[in-house]
Amino acid sequence: MPQYAPYTTTVVGAHSVPRWYEALDRLVALGQLAEGDFADAQLRATQAAILEQEIAGIDVITGGEMHRRRHNRHAPPNAMLNHFWQKIPSFQGETRPKPITQYDPNVFHPAAICRGPISDTVDLGLVEEFQTASSFARKPVKITMTGPHLLAAVAHDEYYNDTIQMIADFGKLLHQNFRCLGQAGCKHLQIDEPYFTVAGDQEVRAAVDAINTAVEGLADDVHVMVHICQGNYAVGPDYDGQIGHRYFDQGRYKADLVCEIECDGYLIEHDMTPHYEKHLRHKQLGVGAVDVQAPNVETGQQVVERIKAHGWLAPEQTIITSSCGFNHLPRHIALGKMRAMTEAKAILTGSGPGHGVHE
């Protein structure tokens, strides 16, 4: 099982989405720009995301998931769900609203409708994403992928009538795509599951089995991390007024089940760290010590204090990350938070950036 060096820094995945994405999308709809123009803008935003992560000194970077969305709201293509559903024939077509949070009954996700079996031969575009990001990056590139539970639980099921079976089939689909990623040279993989807290134990156990199926047989030098959060999706009046709470934090936090996943470690919100003390064993924990729901930029010392608050967690098990993705934050705030992560690493290790990865 590979391990990152102590206090390795990485992001959860999404980078700051430019406000002009939505304006460009409207111009495409009006015929004033072509679809290729928007694709070009997404590529340039990807290049910028890579550059800013490297400037900040992040050790393991992503492409920012910039090509997975057209703006920063829940409408298709949402970066975690609709972007992937639309690639699967049995999910293509119209969406239907589905409530996603107990906090606000007026918040709906445009959920896809499953009308047929999920084939494990579908190309989800992960290899192309890895190759594109790697062609610009100087740091190791991580590919993120929505986990089988969220893909199934938020969809409308008109074929299986069995969420657990749908989760299992998503696990088989991810397995084939992860196998192709490994063959393409990807050494850093992250699976995202933000919906475990609100789900029942039976569903989460099925998701654990499906994730274990998805990562089975990967090479020993592939780092597999699982991001468990509770829906840190929005902040501030510009994003539907959702601030001060997480979308999916109602229910039992299931660290005991999470730690049955056969992965190398987890990326979590820093205040959820105590849940893992009795269950983590030899795995690593990415402490989300910069808060994406806070519009301020933390200092490196603040990040250090959030990490050191968990004295039971050994340095060799500790990774520094954010509580969730940066997509809804302004660019300069995201950059500042990444720099704070790097500063915290320097304080904790006495070394500069760039020493965080054991290949």
Side-chain angles (χ1 to χ4, degrees), residues 12-14 16-17 19 21-26 28-29 65-116 118 124 144-164 166-167 170 192-200 203-204 207 227-252 269 292-293 323-329:
V12 165
S16 172
V17 177
R19 294 291 297 273
Y21 256 39
E22 197 163 350
L24 288 185
D25 192 27
R26 288 195 296 268
V28 172
E65 302 176 0
M66 308 306 292
H67 71 294
R68 298 185 184 181
R69 64 176 81 233
R70 301 177 76 92
H71 49 73
N72 195 37
R73 300 178 189 272
H74 287 303
N78 170 271
M80 290 188 70
L81 292 166
N82 303 84
H83 173 77
F84 295 111
W85 281 333
Q86 290 172 359
K87 295 179 181 292
I88 303 170
S90 54
F91 285 82
Q92 291 171 357
E94 65 179 7
T95 62
R96 195 162 68 230
K98 188 170 187 177
I100 62 169
T101 175
Q102 296 181 31
Y103 283 103
D104 188 345
N106 298 313
V107 175
F108 294 87
H109 188 88
I113 303 166
C114 179
R115 296 188 175 90
I118 299 166
L124 295 173
T144 63
M145 178 62 212
T146 309
H149 179 257
L150 186 65
L151 287 166
V154 183
H156 294 289
D157 178 11
E158 294 186 355
Y159 174 77
Y160 289 91
N161 296 312
D162 183 346
T163 301
I164 288 176
M166 197 197 306
I167 290 171
F170 269 122
D192 298 315
E193 288 287 15
Y195 211 56
F196 277 6
T197 302
V198 298
E203 268 191 22
V204 174
H227 171 222
I228 302 292
C229 80
Q230 298 170 100
N232 301 284
Y233 285 160
V235 63
D238 292 331
Y239 296 99
D240 303 321
Q242 302 299 315
I243 187 169
H245 66 74
R246 295 161 180 162
Y247 274 54
F248 309 135
D249 64 352
Q250 299 293 305
R252 186 177 83 84
E269 299 130 331
V292 303
Q293 284 206 343
S323 61
C324 206
F326 291 128
N327 49 288
H328 58 266
L329 291 172

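What you are looking at is a predicted structure, and each value in this text was computed from that prediction instead of being measured.
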Report task. Report the distance from atom CD of Q230 to atom OG1 of T197, rounding to the nearest 0.5 Å. Result -> 4.0 Å
Report summary line: So the salt bridge (charged side-chain N to carboxylate O under 4.0 Å, His left out) pairs with at least one residue in residues 88-102 (sequence neighbours excluded) are E94-R115, R96-E158
Query raised in the report: What is the minimum heavy-atom distance between Q293 and G231, and which atoms define it?
Result: NE2-O, 4.4 Å
Query raised in the report: What residues, two or more places apart in sequence or in another chain, satisfy salt bridge (charged side-chain N to carboxylate O under 4.0 Å, His left out) together with R68?
Result: E65, E129
Query raised in the report: Can you name the residues that form a ring pair (Phe, Tyr, Trp, His ring centres under 6.0 Å) with F326, not counting sequence neighbours?
Result: none
Report task. Look at the side chain of D157 and the backbone N and O of C114, then say whether any donor-acceptor pair between them is shorter than 3.5 Å. Result -> no
Requested in this report: Could you list the residues that satisfy side-chain hydrogen bond (donor to acceptor under 3.5 Å, both in side chains) with Y160, not counting sequence neighbours?
Outcome: D169
**Report entry** A207 versus P148, closest heavy-atom pair with distance
**Finding:** O-CG, 4.4 Å
Report summary line: Applying ring pair (Phe, Tyr, Trp, His ring centres under 6.0 Å) to F170 and not counting sequence neighbours gives F91
Query raised in the report: Does E193 have any salt bridge (charged side-chain N to carboxylate O under 4.0 Å, His left out) partners at least two apart in sequence or in another chain, and if so, which?
Result: none
Report summary line: All heavy atoms of L124 vs all of I88, minimum pair found to be CD2-CG1, 4.3 Å
Query raised in the report: Looking only at side chains, do N232 and H328 share a donor and an acceptor under 3.5 Å apart?
Result: no
Query raised in the report: Can you check side-chain contact (heavy atoms from CB on, under 4.5 Å) on H71 and V17, steps first, answer last?
Result: CA-CA 7 Å; H71 49 73; V17 177; 5.7 Å; no
Report task. Check salt bridge (charged side-chain N to carboxylate O under 4.0 Å, His left out) between D25 and all other residues, then give those that pass, not counting sequence neighbours. Result -> R70
Query raised in the report: Do L81 and L150 come close enough that some side-chain heavy atom pair is under 4.5 Å?
Result: yes
Report task. For residues S16 and M66, report the shortest heavy-atom separation together with the two atoms involved. Result -> O-CE, 3.3 Å
**Report entry** Interatomic distance, Y159 atom OH to M166 atom CE [nearest 0.5 angstrom]
**Finding:** 11.0 Å
Query raised in the report: How close do N78 and N82 get, heavy atom to heavy atom, and via which atoms?
Result: CB-OD1, 3.1 Å
**Report entry** Non-neighbouring partners of V198 that pass side-chain contact (heavy atoms from CB on, under 4.5 Å), sequence neighbours left out
**Finding:** Y195, F248
Requested in this report: Answer whether the closest heavy-atom distance between the side chains of H156 and T95 falls below 4.5 Å.
Outcome: no
Requested in this report: For the pair Q92 (side chain) and Q86 (backbone), establish whether a donor and an acceptor sit closer than 3.5 Å, ignoring hydrogens and angles.
Outcome: yes
Query raised in the report: Which atom pair, heavy atoms only, marks the closest approach of V204 to A199?
Result: CG2-CB, 4.0 Å
Query - Spacing of C229 atom SG and F196 atom CZ [to the nearest 0.5 Å] - result: 11.0 Å
**Report entry** By side-chain contact (heavy atoms from CB on, under 4.5 Å) - contacts of R26 (at least two apart)
**Finding:** E22, A23
Query raised in the report: Among all residues two or more places apart in sequence or in another chain, which pass the salt bridge (charged side-chain N to carboxylate O under 4.0 Å, His left out) test with E269?
Result: R246
**Report entry** With H227 via side-chain hydrogen bond (donor to acceptor under 3.5 Å, both in side chains) - residues at least two apart
**Finding:** D192
Query raised in the report: Quick check: does any side chain N or O of T146 sit under 3.5 Å from a backbone N or O of M80, one acting as donor and the other as acceptor?
Result: yes
